[in-house]
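Ligands are counted one by one from 1 in listed order, and the atoms in each one are counted from 1 as well. Sequential numbering from 1 along the given sequence is applied to the chain's residues.
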Amino acid sequence: MTEHLEQIERQALGELESVQDDEALQRWKVTHLGRSSPLMKTFDGLGGLAKEERPVVGRRANEVKRSLETAFEDRCQALRQRAIQHALAAERLDISLPGRPARRGRLHPTTQTLREMYQILGEMGFQVYLSREVESDELNFQLLNFPPNHPAREMQDSFYVDTGKPRGDNPLLLRTHTSPGQIRAMREFAALNPQDPPPVRIILPGMCFRYEQITSRSEMQFNQLEGLAVGPHITMGDLKGTLSDFAHRMFGQQVRSRFRASHFPFTEPSAEMDIECFVCGGEGCQVCKRSGWLEILGCGMVHPVVLRNGGYDPERYSGFAFGMGPERITMLRHKIEDIRYFWANDPRFLEQF
Ligand code: DAH
């Protein structure tokens, strides 16, 4: 009988060695330690043995049982360890490798131009004033002295905002220029001290929208940078000095500039400012269309009606204003031939700046 037990043990331990996974391990346990395993059967058969054989076989059977249980636990442990080792090897992480560099983006070319402008005008004492992109017809046109049927309105065809209500005579629209911010800013400043409004020296950057045919020269969405200075003794000389100085700092100290008479409803007199073509130095080339000059902005002395609409008495105050297109200026500087590149979001274009 004890020999039979030896054989059971040898057989079981032998089989255990070839067990490679959990499933086989469980099967082994049922076969060799389960209710109907040969080992358990010997316990059942103890009662039928001779009296003196019983304790000997019983003890031996218990030893075998313990030996199989221990072997089972060891095998369990070994398999678990092996699984961990496998996982560690397969998912090895070399923390000494250099990290993947984060891809750094860069500023949009228009933003770069705008920031240069803020820097220069900021040093001259202009503060950035942010105005809204959705405006009313009143602020975008009427208070800026555009009469209802003024032809300039047609030059700035608008995107109207559908409010679900009849349009009426003061519809909402996407601002066609940054100039309505002049009225908002003056009113805000004037409200600080209505009897004696403080001087104003601000720049108003931001997106403008026009319902326009998109071509290489005009987009329906573009930035403007507006400037406004209002105070007790502001003259056309201040306008010319400020803008000439701006042009020198922006385009180079040697660059000459000139003012041409023009017309805007919100300024009187009005002018356009040209700088000497920095591509050909004034000789005449493709960029300046053989004229030697590049137009960079519109400007003028703030119209008395606009001053009054902003809460400033035109008898006591005067001011100058200007407006320029950062995309246009970026195009001139970098000889970009198509304004549509700015919002096309093509990295091949954006990466160049
Ligand atoms: N608002 C004008 C436009 O969009 C640009 C402009 C011209 C602004 C003259 C000004 C100015 O402030 O004085 O075409």
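Distance alone, capped at 3.5 Å, is enough to place a donor-acceptor pair between the Thr330 side chain and the Pro326 backbone.
Of all atoms in ligand 1, listed by their number and element, those nearer than 4.0 Å to a heavy atom of Gln182 are 12 (O). Taking every heavy atom of Gly300 and a limit of under 4.0 angstrom, the matching atoms of ligand 1 come to 13 (O). Those atoms of ligand 1 with a heavy atom of Ser179 less than 4.0 angstrom away are 1 (N), 8 (C). Set against the non-hydrogen atoms of Phe322, the atoms of ligand 1 under 4.0 Å away are 8 (C), 10 (C), 11 (C), 12 (O), 13 (O).
On a distance-only criterion, Phe266 and ligand 1 share no N/O pair closer than 3.5 Å. Between Thr176 and ligand 1, no pair of N/O atoms sits closer than 3.5 Å. By the 3.5 Å distance cut-off applied to N or O atoms, Thr267 is not counted among the residues near ligand 1.
Taking only non-hydrogen atoms, the option from Glu226, Met273, Glu268, Gln224 nearest to atom 10 (C) of ligand 1 is Glu226. The closest heavy-atom contact to atom 1 (N) of ligand 1, among the options Arg175, His177, Glu272, His263, comes from His177.
The residues Arg260 and Asp274 are annotated as salt-bridged, a charged nitrogen and a carboxylate oxygen being separated by less than 4.0 angstrom.
Tyr129 and Phe189 have tilted rings, their planes meeting at an angle from 30° to 60° on a 0 to 90° scale.
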- Go through Glu123 and Arg249 one step at a time and tell me if the salt bridge (charged side-chain N to carboxylate O under 4.0 Å, His left out) criterion holds. CA-CA 11 Å; Glu123 282 170 11; Arg249 299 209 211 175; 2.8 Å; yes
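The cationic atom of Arg167 (NZ for Lys, CZ for Arg) lies less than 6.0 Å from the six-membered ring centre of Tyr160 and within 45° of the ring axis.
Residue pairs meeting the side-chain hydrogen bond (donor to acceptor under 3.5 Å, both in side chains) criterion with at least one partner in residues 28-45, sequence neighbours excluded, are Glu15-His32.
Arg217 pairs by the salt bridge (charged side-chain N to carboxylate O under 4.0 Å, His left out) definition with nothing, not counting sequence neighbours.
With a 4.0 Å heavy-atom cut-off, ligand 1 is reached by the backbone of Ala321 and by its side chain too.
Residue contacts with ligand 1 do not include Met324, since none of its heavy atoms lies under 4.0 Å from the ligand. Residue contacts with ligand 1 include Arg210, since one of its heavy atoms falls under 4.0 Å from the ligand.
Between Thr163 and Leu172 there is a side-chain heavy-atom pair separated by less than 4.5 Å.
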